[in-house]
Number of protein chains: 2
Amino acid sequence: MDIQFAILGLLDAQPRSGYDLKKIIAESDLFYWSGNNNQIYNSLVSLHNAGLVSVETFQQESLPPRKVYSITPAGQSELRQWLLTDPEPPEIRDPFLIQLAWADQLHGDELDAILARYAVEITILLKMRQAKQQRPAISPQRSPREKFLWKRIEENLAGIYQRELEWVNALRQDLREQYHNRTE
Amino acid sequence: MDIQFAILGLLDAQPRSGYDLKKIIAESDLFYWSGNNNQIYNSLVSLHNAGLVSVETFQQESLPPRKVYSITPAGQSELRQWLLTDPEPPEIRDPFLIQLAWADQLHGDELDAILARYAVEITILLKMRQAKQQRPAISPQRSPREKFLWKRIEENLAGIYQRELEWVNALRQDLREQYHNRTE
DNA sequence: CTTGTCATGTAAGAGGTTACATGATTCG
DNA sequence: CGAATCATGTAACCTCTTACATGACAAG
(Lines give C-alpha, C1' and ligand atoms only; values in the text may rest on other atoms or scores of the structure.)
Protein backbone atom coordinates (compact mmCIF):
# COMPACT_ATOMS: atom_id res chain seq x y z
CA MET A 1 0.00 0.00 0.00
CA ASP A 2 1.10 3.41 -0.86
CA ILE A 3 0.54 6.79 0.67
CA GLN A 4 -0.27 7.91 -2.87
CA PHE A 5 -3.69 6.29 -2.73
CA ALA A 6 -4.43 7.88 0.61
CA ILE A 7 -3.58 11.25 -0.93
CA LEU A 8 -5.51 10.50 -4.10
CA GLY A 9 -8.59 9.71 -2.04
CA LEU A 10 -8.24 12.86 0.02
CA LEU A 11 -7.93 14.94 -3.14
CA ASP A 12 -10.91 13.14 -4.65
CA ALA A 13 -13.03 14.41 -1.77
CA GLN A 14 -11.80 17.97 -2.35
CA PRO A 15 -8.77 19.90 -3.66
CA ARG A 16 -6.11 20.52 -1.04
CA SER A 17 -2.58 21.81 -0.60
CA GLY A 18 0.37 19.78 0.59
CA TYR A 19 0.11 21.59 3.89
CA ASP A 20 -3.54 20.58 4.25
CA LEU A 21 -2.65 16.95 3.58
CA LYS A 22 0.22 17.08 6.01
CA LYS A 23 -2.05 18.24 8.80
CA ILE A 24 -4.71 15.64 8.09
CA ILE A 25 -2.25 12.76 7.92
CA ALA A 26 -0.32 13.87 10.99
CA GLU A 27 -3.46 13.89 13.13
CA SER A 28 -5.12 10.84 11.70
CA ASP A 29 -4.94 7.30 13.05
CA LEU A 30 -6.41 5.91 9.86
CA PHE A 31 -3.69 7.48 7.69
CA TYR A 32 -0.97 6.03 9.79
CA TRP A 33 2.04 7.90 8.43
CA SER A 34 3.80 10.58 10.43
CA GLY A 35 2.74 13.33 8.05
CA ASN A 36 6.24 14.52 7.32
CA ASN A 37 6.89 16.98 4.53
CA ASN A 38 9.31 14.88 2.60
CA GLN A 39 6.92 12.08 1.87
CA ILE A 40 3.89 14.23 1.10
CA TYR A 41 5.52 16.91 -1.03
CA ASN A 42 7.46 14.30 -3.00
CA SER A 43 4.35 12.17 -3.47
CA LEU A 44 2.51 15.18 -4.85
CA VAL A 45 5.32 15.83 -7.31
CA SER A 46 5.27 12.25 -8.56
CA LEU A 47 1.47 12.13 -8.70
CA HIS A 48 1.68 15.28 -10.78
CA ASN A 49 4.31 13.81 -13.07
CA ALA A 50 2.06 10.79 -13.56
CA GLY A 51 -0.79 13.09 -14.52
CA LEU A 52 -3.01 11.90 -11.67
CA VAL A 53 -3.31 15.34 -10.08
CA SER A 54 -3.26 18.93 -11.33
CA VAL A 55 -1.99 22.02 -9.54
CA GLU A 56 -3.17 25.56 -9.24
CA THR A 57 -0.90 28.09 -7.58
CA PHE A 58 -2.33 30.95 -5.60
CA GLN A 59 0.04 33.82 -4.89
CA GLN A 60 -0.27 35.27 -1.42
CA GLU A 61 1.19 38.46 -0.08
CA SER A 62 3.77 37.91 2.63
CA LEU A 63 3.25 34.13 2.51
CA PRO A 64 4.70 31.50 0.20
CA PRO A 65 2.45 30.62 -2.74
CA ARG A 66 -0.23 28.08 -1.92
CA LYS A 67 -0.27 25.16 -4.34
CA VAL A 68 -3.66 23.51 -4.44
CA TYR A 69 -3.84 20.03 -5.93
CA SER A 70 -6.91 18.47 -7.56
CA ILE A 71 -7.45 14.94 -8.77
CA THR A 72 -7.62 14.46 -12.56
CA PRO A 73 -9.90 12.02 -14.40
CA ALA A 74 -6.84 9.77 -14.83
CA GLY A 75 -6.31 9.97 -11.09
CA GLN A 76 -9.92 9.08 -10.42
CA SER A 77 -9.77 5.98 -12.58
CA GLU A 78 -6.48 4.97 -10.95
CA LEU A 79 -8.12 5.34 -7.54
CA ARG A 80 -11.15 3.33 -8.57
CA GLN A 81 -8.94 0.55 -9.91
CA TRP A 82 -7.04 0.42 -6.64
CA LEU A 83 -10.29 0.10 -4.70
CA LEU A 84 -10.90 -3.20 -6.45
CA THR A 85 -7.46 -4.68 -5.78
CA ASP A 86 -6.90 -7.42 -3.24
CA PRO A 87 -7.20 -6.13 0.31
CA GLU A 88 -4.00 -6.27 2.35
CA PRO A 89 -4.09 -7.67 5.87
CA PRO A 90 -3.42 -5.34 8.81
CA GLU A 91 0.13 -5.06 10.10
CA ILE A 92 0.46 -5.44 13.82
CA ARG A 93 3.59 -4.31 15.56
CA ASP A 94 3.36 -4.46 19.29
CA PRO A 95 6.80 -4.12 20.85
CA PHE A 96 5.21 -4.39 24.27
CA LEU A 97 4.36 -8.01 23.60
CA ILE A 98 8.07 -8.68 23.04
CA GLN A 99 8.84 -6.92 26.28
CA LEU A 100 6.31 -9.16 27.97
CA ALA A 101 7.77 -12.23 26.30
CA TRP A 102 11.00 -11.75 28.27
CA ALA A 103 9.36 -10.31 31.37
CA ASP A 104 9.33 -13.46 33.46
CA GLN A 105 12.60 -12.39 35.05
CA LEU A 106 10.78 -9.48 36.69
CA HIS A 107 9.16 -10.12 40.03
CA GLY A 108 5.44 -9.83 40.51
CA ASP A 109 5.18 -6.17 41.39
CA GLU A 110 7.60 -5.07 38.68
CA LEU A 111 5.62 -7.06 36.14
CA ASP A 112 2.34 -5.61 37.33
CA ALA A 113 3.86 -2.14 37.19
CA ILE A 114 4.76 -2.34 33.51
CA LEU A 115 1.38 -3.87 32.72
CA ALA A 116 -0.23 -0.97 34.55
CA ARG A 117 1.84 1.52 32.59
CA TYR A 118 0.81 -0.17 29.37
CA ALA A 119 -2.84 0.03 30.42
CA VAL A 120 -2.45 3.76 31.10
CA GLU A 121 -0.82 4.28 27.71
CA ILE A 122 -3.64 2.47 25.92
CA THR A 123 -6.28 4.31 27.91
CA ILE A 124 -4.83 7.63 26.81
CA LEU A 125 -4.82 6.55 23.18
CA LEU A 126 -8.39 5.33 23.46
CA LYS A 127 -9.50 8.63 24.98
CA MET A 128 -7.76 10.54 22.21
CA ARG A 129 -9.47 8.31 19.67
CA GLN A 130 -12.86 8.97 21.18
CA ALA A 131 -12.18 12.70 21.31
CA LYS A 132 -11.36 12.68 17.60
CA GLN A 133 -14.56 10.77 16.95
CA GLN A 134 -16.55 13.57 18.59
CA ARG A 135 -15.32 16.65 16.81
CA PRO A 136 -16.09 17.10 13.09
CA ALA A 137 -13.61 14.85 11.34
CA ILE A 138 -12.27 15.04 7.80
CA SER A 139 -14.93 12.50 6.88
CA PRO A 140 -16.23 13.37 3.42
CA GLN A 141 -19.92 12.44 4.06
CA ARG A 142 -20.79 12.60 0.38
CA SER A 143 -23.57 10.06 0.93
CA PRO A 144 -25.28 8.37 3.89
CA ARG A 145 -23.42 5.20 3.09
CA GLU A 146 -20.05 6.95 3.07
CA LYS A 147 -20.88 8.50 6.42
CA PHE A 148 -21.80 5.05 7.70
CA LEU A 149 -18.57 3.50 6.42
CA TRP A 150 -16.47 6.17 8.11
CA LYS A 151 -18.31 5.61 11.36
CA ARG A 152 -17.50 1.93 11.19
CA ILE A 153 -13.85 2.63 10.36
CA GLU A 154 -13.58 4.86 13.41
CA GLU A 155 -15.24 2.20 15.53
CA ASN A 156 -12.72 -0.30 14.25
CA LEU A 157 -9.83 1.92 15.33
CA ALA A 158 -11.33 2.47 18.76
CA GLY A 159 -12.06 -1.25 19.02
CA ILE A 160 -8.39 -2.10 18.68
CA TYR A 161 -7.52 -0.11 21.79
CA GLN A 162 -10.63 -1.30 23.59
CA ARG A 163 -9.74 -4.95 23.06
CA GLU A 164 -6.11 -4.39 24.02
CA LEU A 165 -7.20 -2.72 27.23
CA GLU A 166 -9.52 -5.58 28.11
CA TRP A 167 -6.74 -8.04 27.39
CA VAL A 168 -4.20 -6.32 29.63
CA ASN A 169 -6.69 -5.87 32.46
CA ALA A 170 -7.71 -9.51 32.36
CA LEU A 171 -4.04 -10.48 32.38
CA ARG A 172 -3.30 -8.33 35.42
CA GLN A 173 -6.27 -9.77 37.24
CA ASP A 174 -5.24 -13.35 36.50
CA LEU A 175 -1.63 -12.75 37.49
CA ARG A 176 -2.84 -11.33 40.76
CA GLU A 177 -4.99 -14.35 41.45
CA GLN A 178 -2.59 -17.01 40.29
CA TYR A 179 0.76 -15.67 41.35
CA HIS A 180 -0.27 -13.24 44.08
CA ASN A 181 1.97 -10.70 42.40
CA ARG A 182 5.26 -11.99 43.65
CA THR A 183 7.74 -14.57 42.49
CA GLU A 184 9.09 -16.84 45.20
CA MET B 1 11.89 -0.51 19.79
CA ASP B 2 14.75 -2.34 18.35
CA ILE B 3 15.17 -5.80 16.93
CA GLN B 4 18.27 -6.00 19.14
CA PHE B 5 16.16 -6.60 22.23
CA ALA B 6 14.17 -9.31 20.50
CA ILE B 7 17.45 -11.01 19.62
CA LEU B 8 18.87 -10.46 23.09
CA GLY B 9 15.83 -12.13 24.62
CA LEU B 10 16.02 -15.07 22.24
CA LEU B 11 19.69 -15.53 23.07
CA ASP B 12 18.93 -15.24 26.77
CA ALA B 13 16.66 -18.26 26.47
CA GLN B 14 19.40 -20.23 24.71
CA PRO B 15 22.45 -19.71 22.45
CA ARG B 16 21.61 -19.62 18.76
CA SER B 17 23.15 -18.91 15.37
CA GLY B 18 22.11 -16.10 13.03
CA TYR B 19 20.44 -18.69 10.90
CA ASP B 20 18.39 -19.95 13.87
CA LEU B 21 17.28 -16.42 14.67
CA LYS B 22 16.41 -15.75 11.07
CA LYS B 23 14.09 -18.75 10.96
CA ILE B 24 12.38 -17.89 14.24
CA ILE B 25 11.80 -14.27 13.31
CA ALA B 26 10.63 -15.07 9.78
CA GLU B 27 7.95 -17.44 11.06
CA SER B 28 6.88 -15.46 14.09
CA ASP B 29 3.99 -13.01 14.34
CA LEU B 30 5.26 -11.70 17.65
CA PHE B 31 8.69 -10.82 16.22
CA TYR B 32 7.16 -8.89 13.40
CA TRP B 33 10.20 -8.31 11.22
CA SER B 34 10.68 -10.11 7.92
CA GLY B 35 13.65 -12.09 9.16
CA ASN B 36 16.01 -10.91 6.46
CA ASN B 37 19.71 -11.67 6.69
CA ASN B 38 20.89 -8.12 6.50
CA GLN B 39 19.17 -6.98 9.63
CA ILE B 40 19.93 -10.03 11.74
CA TYR B 41 23.56 -10.59 10.81
CA ASN B 42 24.33 -6.89 11.19
CA SER B 43 22.55 -6.73 14.52
CA LEU B 44 24.61 -9.65 15.77
CA VAL B 45 27.80 -7.91 14.71
CA SER B 46 26.85 -4.73 16.54
CA LEU B 47 25.65 -6.60 19.62
CA HIS B 48 29.02 -8.33 19.61
CA ASN B 49 30.88 -5.04 19.26
CA ALA B 50 28.90 -3.72 22.21
CA GLY B 51 29.92 -6.76 24.25
CA LEU B 52 26.34 -7.88 24.79
CA VAL B 53 26.83 -11.25 23.10
CA SER B 54 29.73 -13.65 22.62
CA VAL B 55 30.41 -15.97 19.70
CA GLU B 56 31.67 -19.48 19.37
CA THR B 57 32.47 -20.81 15.91
CA PHE B 58 31.96 -24.45 15.07
CA GLN B 59 33.71 -25.69 11.98
CA GLN B 60 31.66 -28.06 9.88
CA GLU B 61 32.80 -30.25 7.03
CA SER B 62 31.24 -29.30 3.72
CA LEU B 63 29.19 -26.54 5.35
CA PRO B 64 30.09 -22.95 6.27
CA PRO B 65 31.16 -22.53 9.89
CA ARG B 66 28.27 -22.19 12.33
CA LYS B 67 28.60 -19.14 14.58
CA VAL B 68 26.66 -19.61 17.77
CA TYR B 69 25.91 -16.51 19.81
CA SER B 70 25.36 -16.40 23.56
CA ILE B 71 24.23 -13.53 25.74
CA THR B 72 26.87 -12.06 28.08
CA PRO B 73 26.26 -10.77 31.63
CA ALA B 74 26.40 -7.25 30.16
CA GLY B 75 23.76 -8.30 27.66
CA GLN B 76 21.58 -9.71 30.39
CA SER B 77 21.67 -6.52 32.40
CA GLU B 78 20.95 -4.49 29.27
CA LEU B 79 17.93 -6.71 28.57
CA ARG B 80 16.67 -6.41 32.11
CA GLN B 81 16.94 -2.66 32.00
CA TRP B 82 14.96 -2.56 28.79
CA LEU B 83 12.21 -4.64 30.38
CA LEU B 84 11.63 -1.80 32.84
CA THR B 85 11.44 0.97 30.24
CA ASP B 86 8.17 2.61 29.29
CA PRO B 87 5.99 0.32 27.20
CA GLU B 88 5.38 1.50 23.65
CA PRO B 89 1.85 1.44 22.26
CA PRO B 90 1.04 -0.96 19.43
CA GLU B 91 1.32 0.32 15.87
CA ILE B 92 -1.65 -0.40 13.70
CA ARG B 93 -1.38 -0.14 9.96
CA ASP B 94 -4.44 -1.32 8.18
CA PRO B 95 -4.34 -0.23 4.55
CA PHE B 96 -7.67 -1.93 4.01
CA LEU B 97 -9.36 0.68 6.17
CA ILE B 98 -8.06 3.35 3.80
CA GLN B 99 -9.40 1.37 0.88
CA LEU B 100 -12.75 1.25 2.63
CA ALA B 101 -12.61 4.96 3.37
CA TRP B 102 -12.82 5.69 -0.36
CA ALA B 103 -15.01 2.72 -1.24
CA ASP B 104 -18.33 4.53 -1.35
CA GLN B 105 -17.93 4.93 -5.08
CA LEU B 106 -18.26 1.16 -5.47
CA HIS B 107 -21.74 -0.23 -5.81
CA GLY B 108 -23.18 -2.60 -3.27
CA ASP B 109 -22.00 -5.90 -4.69
CA GLU B 110 -18.51 -4.61 -5.46
CA LEU B 111 -18.22 -3.32 -1.92
CA ASP B 112 -19.45 -6.57 -0.46
CA ALA B 113 -17.00 -8.45 -2.66
CA ILE B 114 -13.95 -6.67 -1.30
CA LEU B 115 -15.25 -7.01 2.25
CA ALA B 116 -15.67 -10.73 1.60
CA ARG B 117 -12.12 -10.96 0.26
CA TYR B 118 -10.84 -9.18 3.35
CA ALA B 119 -12.76 -11.61 5.55
CA VAL B 120 -11.17 -14.54 3.72
CA GLU B 121 -7.71 -13.02 4.12
CA ILE B 122 -8.20 -12.54 7.86
CA THR B 123 -9.64 -16.02 8.26
CA ILE B 124 -6.53 -17.52 6.68
CA LEU B 125 -4.27 -15.52 8.98
CA LEU B 126 -6.31 -16.57 11.99
CA LYS B 127 -6.11 -20.23 11.00
CA MET B 128 -2.35 -19.93 10.55
CA ARG B 129 -2.11 -18.29 13.95
CA GLN B 130 -4.07 -21.09 15.56
CA ALA B 131 -1.95 -23.70 13.79
CA LYS B 132 1.20 -22.10 15.19
CA GLN B 133 -0.36 -22.09 18.62
CA GLN B 134 -0.81 -25.85 18.40
CA ARG B 135 2.64 -27.06 17.44
CA PRO B 136 5.52 -26.65 19.92
CA ALA B 137 6.52 -23.01 19.65
CA ILE B 138 9.81 -21.36 20.48
CA SER B 139 8.28 -20.48 23.85
CA PRO B 140 11.03 -20.80 26.48
CA GLN B 141 8.83 -22.21 29.28
CA ARG B 142 11.47 -21.64 31.92
CA SER B 143 8.78 -21.31 34.57
CA PRO B 144 5.02 -21.83 34.84
CA ARG B 145 4.56 -18.10 34.81
CA GLU B 146 6.62 -17.66 31.64
CA LYS B 147 4.57 -20.37 29.98
CA PHE B 148 1.42 -18.55 31.09
CA LEU B 149 2.66 -15.21 29.74
CA TRP B 150 3.45 -16.72 26.36
CA LYS B 151 0.02 -18.28 26.19
CA ARG B 152 -1.54 -14.89 26.81
CA ILE B 153 0.68 -13.25 24.21
CA GLU B 154 -0.43 -15.81 21.63
CA GLU B 155 -4.04 -15.28 22.62
CA ASN B 156 -3.56 -11.57 22.14
CA LEU B 157 -2.26 -12.10 18.60
CA ALA B 158 -5.14 -14.41 17.72
CA GLY B 159 -7.56 -11.97 19.33
CA ILE B 160 -6.55 -9.23 16.93
CA TYR B 161 -7.62 -11.30 13.94
CA GLN B 162 -10.68 -12.58 15.75
CA ARG B 163 -11.92 -9.09 16.48
CA GLU B 164 -11.18 -7.89 12.96
CA LEU B 165 -13.16 -10.77 11.54
CA GLU B 166 -16.13 -10.05 13.77
CA TRP B 167 -15.97 -6.42 12.76
CA VAL B 168 -15.98 -7.11 9.04
CA ASN B 169 -18.75 -9.68 9.30
CA ALA B 170 -20.95 -7.33 11.29
CA LEU B 171 -20.28 -4.61 8.73
CA ARG B 172 -21.26 -6.86 5.83
CA GLN B 173 -24.42 -7.88 7.61
CA ASP B 174 -25.42 -4.29 8.32
CA LEU B 175 -24.68 -3.14 4.79
CA ARG B 176 -26.88 -5.94 3.50
CA GLU B 177 -29.73 -4.91 5.76
CA GLN B 178 -29.46 -1.18 5.36
CA TYR B 179 -28.46 -0.78 1.76
CA HIS B 180 -29.64 -4.08 0.30
CA ASN B 181 -26.21 -4.37 -1.28
CA ARG B 182 -26.77 -2.04 -4.15
CA THR B 183 -26.45 1.67 -4.75
CA GLU B 184 -29.19 3.01 -6.94
C1' DC C 1 9.01 37.72 23.43
C1' DT C 2 8.25 33.21 22.57
C1' DT C 3 5.27 29.97 20.59
C1' DG C 4 2.07 28.57 16.91
C1' DT C 5 0.22 28.89 12.23
C1' DC C 6 0.78 29.30 7.42
C1' DA C 7 3.46 27.27 3.54
C1' DT C 8 6.97 25.58 0.87
C1' DG C 9 10.98 22.79 0.34
C1' DT C 10 15.73 19.93 1.27
C1' DA C 11 19.14 16.83 3.65
C1' DA C 12 20.69 13.10 6.26
C1' DG C 13 19.99 8.92 8.04
C1' DA C 14 17.61 4.99 10.32
C1' DG C 15 15.14 0.99 9.43
C1' DG C 16 13.66 -2.43 6.63
C1' DT C 17 13.03 -5.25 2.23
C1' DT C 18 14.23 -8.08 -1.80
C1' DA C 19 17.54 -10.22 -4.14
C1' DC C 20 22.11 -12.00 -5.05
C1' DA C 21 26.30 -15.02 -4.14
C1' DT C 22 28.31 -19.43 -2.65
C1' DG C 23 28.17 -24.38 -2.17
C1' DA C 24 27.31 -29.00 -0.25
C1' DT C 25 23.57 -32.22 0.97
C1' DT C 26 19.16 -34.28 1.27
C1' DC C 27 14.43 -35.24 -0.19
C1' DG C 28 10.76 -36.09 -3.38
C1' DC D 1 16.64 -33.37 -11.65
C1' DG D 2 14.87 -29.61 -9.23
C1' DA D 3 13.78 -27.82 -4.78
C1' DA D 4 14.62 -27.28 0.12
C1' DT D 5 17.76 -27.01 4.04
C1' DC D 6 21.94 -25.51 6.11
C1' DA D 7 24.78 -21.29 6.75
C1' DT D 8 27.12 -17.27 5.98
C1' DG D 9 27.47 -12.78 4.00
C1' DT D 10 26.80 -8.44 0.58
C1' DA D 11 24.38 -4.96 -2.52
C1' DA D 12 20.88 -2.12 -3.90
C1' DC D 13 17.09 0.04 -2.82
C1' DC D 14 12.72 1.79 -0.83
C1' DT D 15 10.19 3.82 2.89
C1' DC D 16 9.80 6.71 6.40
C1' DT D 17 11.47 9.73 10.09
C1' DT D 18 13.67 13.72 12.24
C1' DA D 19 15.51 17.87 11.56
C1' DC D 20 16.76 21.98 9.12
C1' DA D 21 15.83 26.31 6.29
C1' DT D 22 13.06 30.44 5.24
C1' DG D 23 9.96 34.10 6.61
C1' DA D 24 5.75 36.68 7.77
C1' DC D 25 2.06 37.27 11.02
C1' DA D 26 -0.94 36.59 15.15
C1' DA D 27 -1.84 35.40 19.87
C1' DG D 28 -0.86 34.75 24.63
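To find a chain, count down the sequence lines: A is the first, B the second, and so on, and within it residues start at 1.
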Assign each of A:N42 and B:S34 to its nearest nucleotide of DNA chain C by heavy atoms, then name whichever residue's nucleotide is nearer the 5' end. A:N42
Does B:N37 make a side-chain donor-acceptor contact with the base of D:dG9, cut-off 3.5 Å? yes
A:I40 CD1 - D:dT17 P separation (whole Å): 10 Å
Picking from D:dT17, C:dT17, D:dT8, which would you name as closest to the side chain of A:W33? D:dT17
Looking only at atom types and distance, does a side-chain atom of A:R117 sit under 3.5 Å from a main-chain N or O of B:L84, one as donor and one as acceptor? yes
Quick one: is D:dC6 close enough that its OP1 or OP2 comes under 4.0 Å of any side-chain N or O from B:Q60? no
From CZ of B:R93 over to C1' of C:dT17, roughly how many Å is that when rounded to an integer? 14 Å
Shared ILVMFWY cluster between A:Y19 and A:L8, side chains joined below 4.5 angstrom? no
Tell me whether the side-chain N/O atoms of B:N36 come closer than 4.0 Å to OP1 or OP2 in C:dT18. no
B:N38 (side chain) and C:dT17 (base): donor-acceptor pair under 3.5 Å: yes
Over how many whole Å does the gap from B:D20 atom CG to D:dA7 atom P extend? 7 Å
Atom CD of B:Q39 to atom P of D:dG9: distance rounded to whole Å? 16 Å
Have a look at A:K67 and say if it touches a base, only the backbone sugar-phosphate, or nothing, with a 4.0 Å heavy-atom cut-off. sugar-phosphate
Both A:P64 and A:G35 contact DNA chain D. Taking the nearest nucleotide for each, which residue is further toward the 5' end? A:G35
With respect to the phosphate group of C:dC6, does any side-chain polar atom (N or O) of A:K23 fall under 4.0 Å of OP1 or OP2? yes
Enter the distance from B:E121:CD to A:D86:CG here, rounded to the nearest 0.5 Å. 6.5 Å
